[in-house]
Each structure stands twice: as C-alpha cells, then as structure tokens.
Amino acid sequence: MPLIARAPRRRPLTAHRVPSLLLGHALCALALVALALPADAARSQPRRHKASTVRHDREPDKVTYGRREDVMRFAAELAEQQGLPREWLEAALAQARYLPAVARLIMPPPAGTAKSWAAYRARFVERERVQAGAAFWAQHQAWLEAAEQRFGVPPEIIIGILGVETYYGRLTGSFRVLDALATLSFDFPSGRKDRSAFFRSELAAYLQLAQREGFAPESVKGSYAGAIGLGQFMPGSILKYALDFDGNGHVDMAGSPADVIGSIAHYLAEHGWRAGLPTHFDIQPPVDTAERAQLLAADILPSFTAGQMAERGAQLAEAAHQHEGLLALVELQNGAAAPSYVAGTQNFYAVTRYNWSSYYALAVIELGQVIGATRAAAAAR
C-alpha cells in the first residue's frame, strides 16, 4: 500500500531535492522506546497557549487549532520561510485536534522506575518476533543485500531495527500524525522539559512533505510522537535521509519495504556507521569503583582505547585488543541484579543515533543476530 492516498502528483520527493532539517530521529523516532533520550531542538518561541495539565480523553475537544492566533502565526511564518501556500497551511492546521493521550504518552516514566536490560531484551528477542524477522528477511533479501553493498550496513542491523520499531510493520501507530505533532507543538504538557520547539520543526517538515508528495495532511497515521512507517522515521528525517530505493519516483516509508531498507541504511551511514566494524565486544568492568566511574563518565560515546580501558582494570575480549578505534563502557542496569556491560564501538554509537538508548541499540543488535543465526540453522538443515 502507498504511504497515503495520493492527490494528483506534484514534484516527486527524492533524496537529491530535500532540504536538511533538524535531526530528531532516531532517536525521537525513538519515541517508541521509553528509554530513548532524544535531543532537544532549542530556539526562541513566540508567546503561545500553554496546556498546564493533560486533558482527559473523554473531555470534549476544547482546542480548535484553526482559531488559535499562535497556530495561524506559525502558518504565516512557515508560508514565508518555505514558500508554501498560506491558505493551504491554515486549512491543514485547522484539521488538527488536541490528543490527550499524546500529551500523556510523551511524559517520562514515574520517578524511581527501575531499568532492566533482561526484561527489555525479552520484549523483543522472542520466538514470534524472530520468526517474523526471518520471514521478512527472506522476502526482501535482495533489497537488504543491495543496501549492504551500497552503505555497508549488514541485514542483521536493519532487520533488528524493523523488529524493535514496528514488529515488521505490524505496529506502526494509530495516531493521526497531524494531531500528534500539533498537540506536541502547541500544547506540550508541563512536568517535563519543554520540547515544543523540536515538534514544531517536525510539524513544519510534515507539512512540507504533504505538500510535495500531494497527500492530505490528516490522512497519515503514526506514533504518538509523529513517527511514520515501518522504520518510524520522523518527518524531518524523511526529508533528509529517506531514499527512493526502489526507483519508482517517490519515497514511501509505509508501503515500500525497499525504500525503508535503503533509508535505514542511509541514515546509519550518515551517522557514522563503518562497514565491517563490530558493534561491541565483551568486557568485564573494573572492580575499583573509581576506575569504573571514569570509564562510565563518557556514557555511550566511544572515548577510550582498549589499552586505556585495560589500564583502568577492565578485562576485554582478545578481539577488542585488536580494535584500533575508541570504545565506550556501556552499562545496562538489571534492576536489583548486577548490571550488564559491553564495550561499544563507533557502530554501536551509530545505532544509538537512530534511537538514543543503549538498551534499544543492544536489543536491535541481539535481535538481528538471533534472526541471522536462525536463518543459518534453517539453511543447514
């Protein structure tokens, strides 16, 4: 199925024509995983209506965005900056509705919620998802191989991302993207850091995408954060990184597995993926808490050589000592049990740019590895 019901075609959207917008994926794309920590897009904001509390789903719709001065001012600014028809923008935004569920879901988990890598992994690395991933791989093997040849990203990583993000297209979201982005742009809930600037940039990108591809802005559904399609790209990332990988003249991130596969590989390559490099190595952290704290201070950013880690008391796998690049000591908590650790490479860090969470990245990697092993075992039989 195509991404949306199409009106008569306007100019095709291709990777060679799209402007660069604020990166919000991954990792926000990331909106799917509560552990993700997406970056804020900070800029000054005009005075706007502020929702002090989250409304209840059963309450009547009290927000008519078409009558809001701040929303119409946004339309005027966007029309001037991007050359989009102002009347079309105003009419599109008038279709948007406040969604109480979106305002609730964007809130962080309650304070004191324990993280557990073992529980998180079990959500994704499970039999049915592995079987679905193996079937998807078999069906789209040619596109996966083409993406690896062009960008150096192996099928296991792309398959892992698609499995964690949307269960291979089964869970792409049920919220109208226009409503979700308008809610988070103009009525971002209090109680957490204000990210309305970021979501306004994504709403602007979404309206640009709708105008160029010729679809009705209210017609597309996605996640509560506005992520779209099998790979859960935010609109800004679609404009900047999505590819017409199947060569049919337009980008379809919901209905074309080829476009999704190529776009994910392109996204990772643009964020530092290096062909042939492992994602991580086994490691035992230093016993000394002060030495361990020094290694953990850099978080998931590779900052130490294997030798520097060893000098601080870490025990690394032999393969890690042959690695010439930098590494990061990645800690994954397991509730009351002992944490798990890996030594992440630049490629581990690249996966976290898709969704800014080490738990997410390792789940993607291990799901892909298990699916790859399942395929190999089946072939051997």
Side-chain angles (χ1 to χ4, degrees), residues 26-27 30 32-38 108-127 129-130 133 154 156-157 159-161 163-165 273 277-323 325-374:
L27 328 122
L30 7 201
L32 180 69
V33 182
L35 292 168
L37 299 173
T113 302
K115 297 179 180 179
S116 172
W117 159 240
Y120 186 88
R121 182 187 188 278
R123 289 172 54 194
F124 301 107
V125 186
E126 49 86 22
R127 184 175 61 85
R129 201 173 303 240
V130 168
E156 289 87 343
I157 296 297
I159 288 293
I161 286 174
V164 172
E165 289 287 349
W273 182 273
L277 182 70
T279 55
H280 63 284
F281 300 101
D282 292 337
I283 187 172
Q284 292 294 327
V287 175
D288 184 273
T289 55
E291 297 284 11
R292 186 188 310 171
Q294 288 186 27
L295 295 180
L296 290 172
D299 197 19
I300 55 178
L301 180 66
S303 304
F304 304 96
T305 65
Q308 290 170 332
M309 284 187 159
E311 289 172 0
R312 287 169 170 80
Q315 299 179 32
L316 294 119
E318 181 60 31
H321 288 284
Q322 307 303 318
H323 175 65
L326 299 178
L327 299 169
L329 178 61
V330 179
E331 180 182 77
L332 301 106
Q333 298 175 18
N334 283 308
S340 300
Y341 295 91
V342 297
T345 69
Q346 172 60 34
N347 279 357
F348 188 96
Y349 185 73
V351 178
T352 68
R353 300 309 86 192
Y354 200 96
N355 187 312
W356 292 21
S357 163
S358 55
Y359 297 78
Y360 171 90
L362 195 56
V364 161
I365 292 163
E366 294 201 0
L367 176 60
Q369 289 175 340
V370 171
I371 293 172
T374 299

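All heavy atoms count here, side chains included; hydrogens, waters and symmetry mates do not.
Identified under the side chain to side chain donor-acceptor pair (under 3.5 Å) test for residues 289-304, with sequence neighbours left out: Gln294-Arg312.
The minimum heavy-atom distance linking Gly335 with Ala114 is given by the pair CA-CB, 4.4 Å. Nearest heavy-atom pair, Pro285 versus Leu329, reported as atom, atom and distance to 0.1 Å: CB-CD2, 4.2 Å. Contact record, Asn334 with Pro339: ND2-C, 3.7 Å, taken as the closest heavy-atom pair. Contact detail for Tyr359 and Ser116: the closest heavy-atom pair is CE2-C, 4.4 Å. Nearest approach of Leu295 to Ala314, heavy atoms of both residues: CD1-CB, 4.3 Å. The two residues Ala343 and Leu316 make their nearest non-hydrogen contact at CB-CD2, 4.0 Å.
Atom OH in Tyr341 sits 15.5 Å away from atom NE2 in His280 (nearest 0.5 Å). Note that the CD1 atom of Ile161 and the OH atom of Tyr360 stand 5.0 Å from one another [nearest 0.5 Å]. Phe304 contributes atom CZ, which lies 11.0 Å from atom CD of Glu311 (distance to the nearest 0.5 angstrom). Note that the CD atom of Glu331 and the CH2 atom of Trp117 stand 14.0 Å from one another [nearest 0.5 Å]. The distance from the OG atom of Ser358 to the NZ atom of Lys115 is 7.0 Å, given to the nearest 0.5 Å. Separating the CD1 atom in Ile300 from the CG atom in Leu362 is a distance of 12.0 Å, to the nearest 0.5 Å.
With a 6.0 Å radius and a threshold of 12 heavy atoms from other residues, nucleotides or ligands, Asp282 has its CG atom at or below the threshold. Around the CD atom of Gln284, the shell of radius 6.0 Å holds no more than 12 heavy atoms that belong to other residues, nucleotides or ligands.
Between the side chains of Tyr120 and Gln333, no donor-acceptor pair of N or O atoms lies under 3.5 Å.
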Check: Between Leu327 and Thr305, is a side chain to side chain contact (heavy atoms under 4.5 Å, CB included) present by the stated rule, with each step listed?
Finding: CA-CA 6 Å; Leu327 299 169; Thr305 65; over 6 Å; no
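The side-chain contact (heavy atoms from CB on, under 4.5 Å) search around Pro108 returns Arg192, not counting sequence neighbours. Residues passing the side-chain contact (heavy atoms from CB on, under 4.5 Å) test with Glu126, sequence neighbours excluded: Glu128, Arg129, Tyr167.
Looking only at side-chain heavy atoms (C-beta outward), Phe124 and Val364 stay at 4.5 Å or farther from each other. Put simply, the side chain of Ile157 reaches to within 4.5 Å of the side chain of Thr279, judged on heavy atoms. Between His323 and Leu277 there is a side-chain heavy-atom pair separated by less than 4.5 Å.
Judged by distance alone, the side chain of Thr345 and the main-chain N or O of Pro278 form a donor-acceptor pair under 3.5 Å.
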